[in-house]
Amino acid sequence: MDKLTQTVDLDDFDRKIIAALVEDGRMTVTDLAVAVGLSKTPCQMRLRRLQENGVIRGFRAMVDPAKLGMDHVAFAEVKLSDTRESALAEFNDAVRRIPEVEECHMIASSFDYLLKVRTADIRRYRTVLGEKISSLPHVASTSTFVAMETVLEAGGRRK
């Protein structure tokens with residue numbers, strides 16, 4: 001296994017550090033140490049190790065898509081005409097260049113990929129689907145499901 005896919009042994013303190021940072025990634029190391037029950041230096045060393053081992057990949061701002069006028073979410077099933085490795089690689093590379101695609105998952109099902117697409121409204125989604133997603137390499141067909149309400153989203157709080 002390479003370093004990117006290798007699992008890392010975590011103890012209870014490591015898990016507490018991760019849980020605290022998932023909840024509030026902006027907390028200071030001092031506050032983090034208090035939250036997990038360690039002194040500052042051991043907490044800082046553990047945090048550095050978690051980052052170096054790729055367990056913690058980074059920190060980012062969580063924005064409210066509705067405040068940005070981007071609260072339309074659709075999920076697109078994508079079926080490919082070719083699923084050889086080279087075709088999958090072409091599709092993967094191309095889909096990463098569509099900014100409206102927030103997530104892309106290869107699926108073991110009657111279709112090949114599930115995309116989470118965020119746009120301003122259904123009209124913009126239709127354009128993205130027709131001009132970008134349907135034009136991706138090896139796309140044979142698509143099917144769309146529109147989200148009516150987001151109840152829980154990665155990195156978000158339960159409503």
Side-chain angles (χ1 to χ4, degrees), residues 1-78 80 83 85-109 111-121 124-125 128-129 132-133 136-137 144-159:
M1 265 194 238
D2 62 48
K3 190 174 180 179
L4 295 175
T5 57
Q6 187 175 6
T7 58
V8 177
D9 290 328
L10 304 174
D11 65 14
D12 288 341
F13 285 116
D14 293 331
R15 286 182 179 77
K16 286 178 184 178
I17 289 170
I18 293 164
L21 290 174
V22 165
E23 189 66 28
D24 179 5
R26 291 186 61 166
M27 69 173 36
T28 65
V29 174
T30 302
D31 291 340
L32 179 61
V34 170
V36 302
L38 288 170
S39 61
K40 184 178 175 181
T41 301
C43 183
Q44 198 166 30
M45 289 171 51
R46 284 172 175 271
L47 178 57
R48 187 176 305 117
R49 182 178 46 82
L50 290 168
Q51 290 173 308
E52 288 170 356
N53 290 336
V55 174
I56 296 175
R57 297 187 305 192
F59 299 89
R60 65 178 67 139
M62 298 298 299
V63 298
D64 183 345
K67 302 268 188 206
L68 300 174
M70 298 291 289
D71 57 345
H72 182 269
V73 175
F75 294 89
E77 293 179 353
V78 177
L80 301 183
T83 56
E85 283 303 315
S86 61
L88 297 175
E90 283 180 62
F91 178 88
N92 293 347
D93 290 341
V95 78
R96 288 183 184 108
R97 292 191 294 270
I98 302 175
E100 294 87 354
V101 175
E102 282 191 349
E103 296 179 18
C104 175
H105 305 274
M106 183 185 283
I107 302 292
S109 182
F111 58 96
D112 301 301
Y113 286 90
L114 181 65
L115 303 148
K116 179 182 177 187
V117 184
R118 184 177 297 278
T119 57
D121 54 39
R124 178 67 186 141
Y125 173 74
V128 170
L129 179 67
K132 295 181 180 182
I133 295 170
L136 290 169
T144 296
F145 302 88
V146 175
M148 296 184 346
E149 177 183 3
T150 298
V151 178
L152 177 65
E153 196 163 51
R157 306 218 191 281
R158 296 183 192 276
K159 293 183 180 184

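This structure is a prediction, so every number in the text was calculated from the model and none was measured.
Closest heavy-atom contact between Met70 and Ala120: SD-N, 3.7 Å. Nearest heavy-atom pair, Tyr125 versus Ala74, reported as atom, atom and distance to 0.1 Å: CE1-CB, 3.6 Å. Across Leu136 and Ala94, no two heavy atoms sit closer than the pair CD2-CB, 3.5 Å. Heavy-atom minimum distance, Phe91 versus Pro137: CD1-O, 3.6 Å.
A donor-acceptor contact shorter than 3.5 Å is absent between the side chain of Asn53 and the backbone of Val55. With hydrogens and angles ignored, the 3.5 Å screen pairs no side-chain donor or acceptor of Thr150 with any backbone N or O of Leu152.
Put simply, the residue from Ile17, Ile18, Thr41 that forms a side-chain contact (heavy atoms from CB on, under 4.5 Å) with Arg46 is Ile17. Partner of Asp112 under the side-chain contact (heavy atoms from CB on, under 4.5 Å) criterion, chosen from Thr83, Leu88, Val78: Thr83.
Side-chain contact between Val146 and His72 is present, with heavy atoms from C-beta onward closer than 4.5 Å. In this structure, the side chains of Glu153 and Lys116 come closer than 4.5 Å at one or more pairs of heavy atoms. You'll find the side chain of His105 stays beyond 4.5 Å of the side chain of Phe75, heavy atoms only. A heavy-atom distance below 4.5 Å is found between the side chains of Glu100 and Lys132. Two residues are said to be in side-chain contact when any heavy atoms from C-beta on lie closer than 4.5 Å; Tyr113 and Val95 fail this criterion. Looking at Leu50 and Leu10, their side chains come closer than 4.5 Å, going by heavy atoms from C-beta outward. Contact annotation: the side chain of Glu77 never approaches that of Ile107 to less than 4.5 Å [non-hydrogen atoms, C-beta and beyond]. Looking at Asp14 and Val8, their side chains never come closer than 4.5 Å, going by heavy atoms from C-beta outward.
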Side chain to side chain contact (heavy atoms under 4.5 Å, CB included) between Leu129 and Val117, worked out: CA-CA 9 Å; Leu129 179 67; Val117 184; over 6 Å; no
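Interatomic distance, NZ of Lys16 versus CG of Leu32, reported as 11.5 Å (0.5 Å rounding). Separation of atoms CE (Met62) and CG (Asp64) is listed at 10.0 Å; rounding is to 0.5 Å. One distance of note links NZ of Lys40 with CG of Leu47; it measures 11.5 Å at 0.5 Å rounding.
Around the CE atom of Met45, the shell of radius 6.0 Å holds no more than 12 heavy atoms that belong to other residues, nucleotides or ligands. By the neighbour-count criterion of 12 heavy atoms within 6.0 Å, atom CG of Asp11 is densely surrounded, having more than that number from other residues, nucleotides or ligands.
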